[in-house]
Amino acid sequence: MISDAAIARVASREAERFRAANRQAFTHHAAAKGWFQSVPFHWMRDWPSPVPIVAASAKDATLTSIDGQRYDDFCLGDTASLFGHSPPALAAALTKQAGEGLSYMLPTERGVALSQRLAAMFGLELWQVTTTASEANRAVIRWCRGISGRPKILTFNGAYHGAVDDAFVDLKGGAPAMRASLVGQVHDLRDTTTVIEFNDEAALATALCGGDVACVLAEPVMTNVGMVRDAPGFLATLRRLCDETGTLLIFDETHTISSGYGGHGVTHGPTPDLIVVGKSIGGGVPCAVYGFSAAVADRMAALNASRPSGHSGIGTTLSANALAITAMDAMLSDVITPAAYDHMLRGAARLVTGLEQEIAAADLDWHVTQVGARVEFLTCPTPPLSGSEAKAAMHPKLEAAIHLFLATRGILLAPFHNMMLVSPVTSDEQIDRLVGVFADCVRALKE
């Protein structure tokens with residue numbers, strides 16, 4: 001058992017250690033008053049350190065700060081750099097494209113190969129490009145409502161699908177509620193968004209039987225409330241119920257692309273009707289894609305033919321710009337390969353073994369969850385099966401103290417929870433160092 005007093009003691013000590021080692025970060029923070037809250041985007045304040053680390057550069061799985069601190073990076077831009085920082089093939093392709101123009105609002109020759117690579121990797125025939133996964137999710141929701149004529153979508157409690165208003169409905173005491181943390185929310189989405197717990201087959205069947213749900217928008221493994229694995233058979237039941245009720249199934253694989261080559265659906269099944277992939281597919285260049293089956297494409301084409309001319313509400317001027325097309329083509333042709341996944345999965349298994357051994361040695365009732373190259377330790381005895389269970393198991397102060405302890409010793413985890421990513425360029429030495437520092441942290445918390 002780790003006491004609140006021990007957590008506070010370690011957090012205080014590590015904050016002072018951070019201050020001593022990152023003086024330029026504090027100077028930078030003081031000078032950055034032109035940014036709201038001294039950062040160019042407010043999420044950068046979510047790290048547990050007194051001020052954010054200020055990045056100077058990153059290469060492979062190592063990040064260097066302006067204070068000269070080197071970090072083994074297991075955050076990897078919260079998946080944006082899942083396949084490593086600045087892969088040589090990507091850097092070379094971007095350099096070449098930079099001299100040839102960045103955005104034309106026209107297709108490029110390289111786009112043909114990219115569409116073929118996407119279809120081969122993810123198993124869906126037709127594709128579109130957006131600037132972010134949030135934009136892609138908004139697009140597929142519109143398409144699904146449009147082609148089905150149904151008003152509602154269904155999401156799972158605790159899931160995250162980017163800055164998509166339709167998905168910000170939670171369960172509070174078993175009842176749907178608008179997410180209280182949203183800024184400026186004025187529309188009540190509960191009439192058009194149904195939310196249920198992940199892995200609840202009975203609730204899923206009830207929600208879909210009315211025939212008014214256009215689509216289910218799901219991560220095949222939830223990743224935003226810690227990792228919540230799919231219970232055996234749940235995804236197969238989800239696929240079957242969608243088929244039986246004429247509901248379209250969307251997999252948001254922006255995070256679960258880490259599950260294996262082709263994402264979770266290809267690696268473990270089932271196949272969705274539509275898929276969204278963002279972040280890492282462009283190596284960190286802002287871009288995303290959504291793919292869909294030929295049957296869905298036919299319905300989309302029919303809808304386009306029947307509607308009045310004018311803006312569809314889908315897409316922006318920068319969608320499918322030349323830089324994004326080039327980045328994704330370089331990543332899919334040279335970086336995101338089956339061989340890369342082999343390295344990632346071996347490394348993730350090594351990390352899981354090391355963490356489990358240290359947790360057992362410390363006699364802690366914690367556990368480790370792995371899905372492909374994504375690993376997470378949770379400070380609770382059993383894996384949660386729903387978003388509500390996962391939220392109840394969180395210990396924010398303990399997690400923040402652990403993250404800060406690791407950061408002051410050159411290890412970066414994602415700031416939002418205890419998620420760790422293993423890239424194709426993460427070394428065994430980096431993995432072993434993380435396990436060793438984690439063990440030191442646990443000992444410090446138990447003193």
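What you see below is based on every heavy atom in this structure, not just the backbone, and it leaves out hydrogens, waters and symmetry mates.
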- prompt: So, does D67 use its side chain to make a donor-acceptor pair with the main chain of R23 at under 3.5 Å?
  reply: yes

Residue pair F168 / T155, side-chain heavy-atom distance below 4.5 Å: no

task: May I have the step-by-step check of ring-ring contact (aromatic ring centres under 6.0 Å, His included) for F377 and F438, ending in yes or no?
output: CA-CA 11 Å; F377 62 87; F438 174 82; 5.0 Å; yes

query: Can you list every pair that meets salt bridge (Lys or Arg N to Asp or Glu O under 4.0 Å) and has a residue in residues 122-144, with sequence neighbours left out?
result: none

message: Distance alone, cut at 3.5 Å: any donor-acceptor contact between the side chains of S388 and N157?
response: yes

- request: Return yes if some donor-acceptor pair links the side-chain N/O of T237 with the main-chain N/O of G233 below 3.5 Å, else return no.
  value: yes

- prompt: Are side-chain heavy atoms of W127 and L114 found at a separation under 4.5 Å?
  reply: no

query: Does any donor atom in the side chain of T426 or Q430 lie under 3.5 Å from an acceptor atom in the other side chain?
result: no

query: Any donor-acceptor pair under 3.5 Å linking the side chain of D273 with the backbone of L249?
result: yes

field: Geometric class of the F234/F198 ring pair [parallel <30°, tilted 30-60°, perpendicular >60°]
entry: perpendicular

- prompt: Between R374 and T369, does any side-chain donor sit less than 3.5 Å from a side-chain acceptor?
  reply: no

message: So V195 and D170, do their side chains get closer than 4.5 Å, heavy atoms only?
response: no

task: Would you please say whether a donor-acceptor pair under 3.5 Å links the side chains of N199 and D230?
output: no

- prompt: Should Y261 and T267 count as side-chain neighbours, where that means a heavy-atom distance under 4.5 Å?
  reply: no

- prompt: Should the ring pair W43 and F41 be called parallel, tilted or perpendicular, given that the plane angle runs from 0 to 90° and is split at 30 and 60?
  reply: perpendicular

task: Tell me, please, which residues at least two apart from D329 pass salt bridge (charged side-chain N to carboxylate O under 4.0 Å, His left out).
output: R110, R117

message: Check R346 with D342, please: is the shortest side-chain N to carboxylate O separation under 4.0 Å?
response: no

